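Input: a single structure, listed below in structure tokens.
Bear in mind that the values here come from a model prediction, so they are computed numbers and not experimental data. We're numbering straight along the sequence, starting at 1.
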Amino acid sequence: MRDVLHFIDGVAVAGTSGRFSEVFNPNTGEVQARVALASEAELDKAVQSALRAQQTWGLVNPQRRARVMFEFKRLVEARMDELAELLSSEHGKVIADSKGDIQRGLEVIEFACGIPHALKGEYTEGAGPGIDVYSMRQPLGVAAGITPFNFPAMIPMWMFGIAIAVGNSFILKPSEKDPSVPVRLAELMMEAGAPAGVLNVVHGDKTAVDAILDNPDIRAISFVGSSDIAHYVYSRGTANGKRVQAMGGAKNHGIVMPDADLEQATRDIIGAAYGSAGERCMALPVVVPVGATTAEALRERVLSEIETLKVGVSTDAAAQYGPVVTAAHRKRVSDYIQMGVDEGAELVVDGRDFSLQGYEKGFFIGPSLFDQVKPTMRTYQEEIFGPVLQIVRAETFEEALALPSEHQYGNGVAIFTRNGRAAREFASRVNVGMVGINVPIPVPVAYHTFGGWKRSAFGDINQHGLEGVRFYTKTKTVTARWPEGALEDSAFVIPTMR
């Protein structure tokens, strides 16, 4: 049995809590490793290492820190195949998708390579007689990230790339379902030249999460996961005086207008709904055709595309998607499908009985399609997080606009149309944080920022881009005067710039 260890102070460290969690191969259903679950004391050991490392790392000039980022990027690119295979073996997504996972994380590392420019402050000469005012951004100290199973490379790099580049040290608590790639990334960060303790990886469950939330030496926490846990992390973390950004769940809608290119829209929707077995916070599980004619035409095309989908093992280059991450998650998705049937939605395609020859014990589930889904249904209101697409019909643009706007989640949304005015009005009015116009998965590029609205995000600052720099730094503003000649009298009123 392979053991996945903690990574603390630059070396692999065996767990001492005596608690472990199983790591499965989703393709076969077999246990392939066990991962140690940290105690509060083990988490604190990582924090103490991070504190020591940050005291010197924060004094390294930004250009030298950027050089470490450049080297880290090179090392990850050189090991892309190895990392993708490792990621797929624990998560279940196909190799091509795993490479995309890694690449999107590397794009944030690329942004972090430009940190000397991003850290520049502001300067005003002559703000008053002989007075200059300037600002500087300084690191917070020790930051932490709690990341989900669905992007074990991308989301950790979203967080630690910028946090470390601006001069912090970082504690990463990845998902215990697929923990090996985060450890490998930490090893490569050390190889790239970061000092031991700048990036530590501690595995764990709620015990480790609570230890992060309560540890007084951790100054900022970034989280991605379900909305209920995001709210918990945000509430407890901020109550302890920490800076917290907590990204939650999603129920992203794709609005299909009557003038849309249905052939292209269908292909985009199929990929966004079923890619990575629907285990994406930016998946597109709800499609909203406007008008009965659009709905019937879209349904026919979606059915035709579903028939061509190939579900296979992660290493099958011809497969569009692989298994879900665990047997428990497969059951969760299956239970939601049954719930949809019980609620009265029309189950057009049922993927629950899918089985892959030779891999009957794998965690596979075929594509499912619902029609006639209503906004009052629980399966519409909640996040399924599996290969399930729901058709919710709308009669008008206004009705379609209201669906994502009034939903509890507000992560992403897309509109498919050839009408520029409709697209512009939709983008302006929809109550959602990220909008795609003829783009099914509107994940912003790394130098912009990622963040949803409503119960999809708790906190005021988004992930990566300049928002990430802002989150992981504190601003200091200096007002300076160098008097000349005789001493001036004491001032007893607030100074003004006259």
Side-chain angles (χ1 to χ4, degrees), residues 6-8 38 42-43 46-47 49-51 53-54 57 69 72 101-102 104-106 108-109 111-112 139-186 188-189 194 197-206 208-215 217-226 229-230 232-234 236-238 240 242-248 281 446 449-451 457-459 461-465 467-473:
H6 307 302
F7 189 82
I8 300 174
E42 289 172 295
L43 187 280
V47 173
S49 168
L51 275 171
Q54 197 278 327
W57 179 247
M69 293 295 124
F72 175 73
D101 184 333
I102 297 164
R104 288 307 296 259
L106 280 177
V108 175
I109 300 301
F111 172 82
L140 300 175
V142 179
I146 304 167
T147 58
F149 75 85
N150 58 324
F151 285 100
M154 179 183 77
I155 295 178
M157 284 192 274
W158 278 7
M159 297 178 184
F160 71 64
I162 294 176
I164 291 172
V166 300
N168 299 296
S169 55
F170 199 84
I171 309 291
L172 175 63
K173 205 299 287 181
S175 170
E176 65 275 18
K177 295 180 175 69
D178 45 10
S180 295
V181 166
V183 173
R184 190 74 186 101
L185 292 175
L188 293 175
M189 183 63 77
V198 163
L199 177 56
N200 297 311
V201 180
V202 177
H203 307 291
D205 51 10
K206 187 176 184 297
V209 170
D210 286 347
I212 289 171
L213 298 176
D214 295 340
N215 192 295
D217 292 318
I218 295 175
R219 305 309 307 158
I221 299 169
S222 183
F223 172 88
V224 176
S226 70
I229 304 302
Y232 171 80
V233 167
Y234 181 78
R236 186 160 174 168
T238 54
N240 286 326
K242 302 182 190 303
R243 186 177 294 185
V244 181
Q245 56 179 191
M247 306 301 169
C281 63
T449 65
F450 179 102
F458 299 88
I461 304 180
N462 285 351
Q463 298 268 2
H464 65 67
E467 285 277 272
V469 175
R470 180 182 166 202
F471 180 77
Y472 289 113
T473 59

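Between Met189 atom CE and Met157 atom CE the span is 9.0 Å, to the nearest 0.5 Å. In this structure, NE2 on His203 lies 10.0 Å from CD on Glu176, to the nearest 0.5 angstrom. Atom OG1 in Thr473 sits 10.0 Å away from atom CD1 in Ile162 (nearest 0.5 Å). Distance check: Thr238 OG1 to Leu213 CG gives 9.5 Å after rounding to the nearest 0.5 Å. Taking CD1 from Ile212 and CG from Leu43, the interatomic distance works out to 5.0 Å, rounded to the nearest 0.5 Å. For the atom pair Asn150 CG and Cys281 SG, the distance stands at 6.0 Å (nearest 0.5 Å).
Remark: the backbone N or O of Leu172 is not paired with any side-chain donor or acceptor of Asn200 at under 3.5 angstrom. Side-chain atoms of Arg219 never come within 3.5 Å of backbone atoms of Arg243 as a donor-acceptor pair (strictly under, hydrogens ignored). Distance alone, capped at 3.5 Å, is enough to place a donor-acceptor pair between the Asn168 side chain and the Leu140 backbone. Between the side chain of Glu467 and the main chain of Thr449, no donor-acceptor pair closer than 3.5 Å is present.
If you check the side chains of Tyr234 and Lys242, you find no donor sitting under 3.5 Å from an acceptor. With hydrogens and angles left out, the side-chain atoms of Ser222 and Gln463 include a donor and acceptor closer than 3.5 Å.
Residues Val181 and Pro152 come closest through the heavy atom pair CG1-O, 4.1 Å. Of all non-hydrogen atoms in Ile109 and Gly161, the two that sit nearest each other are CD1-CA, 3.6 Å. Contact record, His464 with Ala446: ND1-O, 3.3 Å, taken as the closest heavy-atom pair. Nearest heavy atoms, Pro179 versus Pro182: O-CD, 3.2 Å. The shortest non-hydrogen separation linking Val202 to Ala38 is CG1-CB, 3.3 Å. Nearest heavy atom pair, residue Ser169 against residue Gly197, reads CB-O, 3.9 Å.
In this structure, the side chains of Tyr472 and Phe160 stay at 4.5 Å or more apart for every pair of heavy atoms. The side-chain heavy atoms of Phe458 and Tyr232, taken from C-beta on, include no pair separated by under 4.5 Å. At least one side-chain heavy atom of Ile229 sits under 4.5 Å from a side-chain heavy atom of Phe223. Looking at Pro174 and Val201, their side chains come closer than 4.5 Å, going by heavy atoms from C-beta outward. Side-chain atoms of Leu199 and Phe7, non-hydrogen and from C-beta on, never get closer than 4.5 Å to each other. Within the 4.5 Å cutoff, side-chain heavy atoms of Lys173 are placed close to those of Val209. At a threshold of 4.5 Å between non-hydrogen side-chain atoms, the residues Pro148 and Ile155 count as touching.
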For this session: Starting from the C-alpha separation in whole Å, work towards a yes-or-no answer on side chain to side chain contact (heavy atoms under 4.5 Å, CB included) for Met69 and Ile164.
Result: CA-CA 9 Å; Met69 293 295 124; Ile164 291 172; 3.7 Å; yes
Problem set entry | side chain to side chain contact (heavy atoms under 4.5 Å, CB included) between Met154 and Ile102, intermediate numbers included | CA-CA 5 Å; Met154 179 183 77; Ile102 297 164; over 6 Å; no
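Arg236 pairs with exactly one of Val244, Asp214, Ile221 by the side-chain contact (heavy atoms from CB on, under 4.5 Å) rule, that one being Asp214.
Aromatic ring orientation, Phe450 versus Trp158: tilted (interplanar angle from 30° to 60°).
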